[in-house]
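Here's the structure, in structure tokens; my notes come after.
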Amino acid sequence: MNDQGQQASFAPDAAHIETLALAALSRLPSPFTEHLSNVVLFVEDFADEQILMEMEIDDPFALTGLYSGRPIGDTEQTGDLPPTIHLYRRPLLDEWVETGVSLEALIAHVVVHEVGHHFGLSDEDMHSLEEMVTA
């Protein structure tokens, strides 16, 4: 509480974003969840400069999430790192404020999009999957 007796408000931290992302992942149907146990989830404030440069993105606020790894069905290679989903907290929070979409729905949208890359889904398939997760 502050001096005026009001609860202090802070932007959601990385742990809160991770909790929302894990909740969205838990709502995916079983054919998907069975193949996600080895996917590692990271929440960082921004993508690093190398990633932004590789993706030719000038504005670090333009990237809210990123999937890295070999999609399901591609043959694994010796030395492959586990697949990862990176969520970028500051761009997510900016988009949340700018759009007025609930933070839970926004994070579910980004998580489903990144999971979609893991499974090699089309945008239409990702949209259907997102409806299952946010319903």
Side-chain angles (χ1 to χ4, degrees):
M1 296 270 184
N2 62 22
D3 293 339
Q4 290 80 30
Q6 298 171 330
Q7 183 90 14
S9 297
F10 299 97
D13 62 8
H16 186 74
I17 301 290
E18 181 180 10
T19 298
L20 295 176
L22 291 172
L25 287 169
S26 74
R27 292 189 298 272
L28 289 167
S30 64
F32 294 97
T33 56
E34 293 165 10
H35 295 284
L36 292 173
S37 62
N38 66 332
V39 176
V40 180
L41 177 67
F42 293 101
V43 180
E44 302 161 304
D45 274 351
F46 290 101
D48 66 41
E49 287 186 33
Q50 181 180 346
I51 289 172
L52 294 171
M53 200 167 39
E54 287 171 8
M55 297 184 73
E56 299 179 357
I57 297 174
D58 295 327
D59 180 2
F61 283 93
L63 186 61
T64 56
L66 178 68
Y67 170 80
S68 296
R70 203 171 290 282
I72 294 291
D74 282 7
T75 305
E76 292 184 21
Q77 303 293 316
T78 302
D80 277 352
L81 295 174
T84 60
I85 294 175
H86 291 259
L87 298 178
Y88 301 114
R89 187 180 78 87
R90 296 283 308 280
L92 283 165
L93 295 179
D94 265 29
E95 188 171 330
W96 173 44
V97 169
E98 289 173 7
T99 64
V101 172
S102 76
L103 187 57
E104 294 81 3
L106 176 61
I107 290 172
H109 170 78
V110 174
V111 165
V112 166
H113 187 85
E114 302 314 327
V115 165
H117 289 302
H118 181 60
F119 287 95
L121 299 178
S122 68
D123 286 340
E124 186 177 307
D125 291 336
M126 286 185 218
H127 181 70
S128 297
L129 188 58
E130 184 179 348
E131 287 178 357
M132 290 181 214
V133 172
T134 57

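- A continuous path of ILVMFWY side-chain contacts below 4.5 Å connects V101 to I17, so both sit in one hydrophobic cluster.
- T84 OG1 to E114 CD: the interatomic distance, rounded to the nearest 0.5 Å, is 9.5 Å.
- Side-chain atoms of Q50 and E54, non-hydrogen and from C-beta on, do get closer than 4.5 Å to each other.
- Listed here is the closest heavy atom pair of S26 and A23: OG-O, 2.7 Å.
- Residue pairs meeting the side-chain hydrogen bond (donor to acceptor under 3.5 Å, both in side chains) criterion with at least one partner in residues 87-102, sequence neighbours excluded, are D45-R89.
- V40 has its side chain out of reach of P83: every pair of non-hydrogen atoms, C-beta onward, lies at least 4.5 Å apart.
- L93 and V110 end up in the same hydrophobic cluster when Ile, Leu, Val, Met, Phe, Trp and Tyr side chains are linked at under 4.5 Å.
- The minimum heavy-atom distance linking D48 with I51 is given by the pair OD1-N, 2.9 Å.
- Contact of the L87 side chain with the V111 side chain is registered, since non-hydrogen atoms from C-beta on lie closer than 4.5 Å.
- Between P60 and L52, some side-chain heavy-atom pair lies under the 4.5 Å cut-off.
- How far OG1 of T64 is from NE2 of H109: 7.0 Å, rounded to the nearest 0.5 Å.
- To the nearest 0.5 Å, atom CG of residue L103 and atom CG of residue L92 are 7.5 Å apart.
- Ring geometry, H86 versus F42: the interplanar angle falls under 30°, so the pair is classed parallel (tilted spans 30 to 60°).
- Note that CG of L22 and CD of E18 are 5.0 Å apart. Values are rounded to the nearest 0.5 Å.
- L66 and I107 are members of different hydrophobic clusters when ILVMFWY side chains are connected at heavy-atom separations under 4.5 Å.
- Hydrophobic clustering (ILVMFWY, side-chain heavy atoms < 4.5 Å, transitive): V43 and F61 are in distinct clusters.
- Under the 4.5 Å side-chain contact rule for hydrophobic residues, F46 and L106 do not share a cluster.
- Surrounding CG of D59 are more than 12 heavy atoms belonging to other residues, nucleotides or ligands, all under 6.0 Å away.
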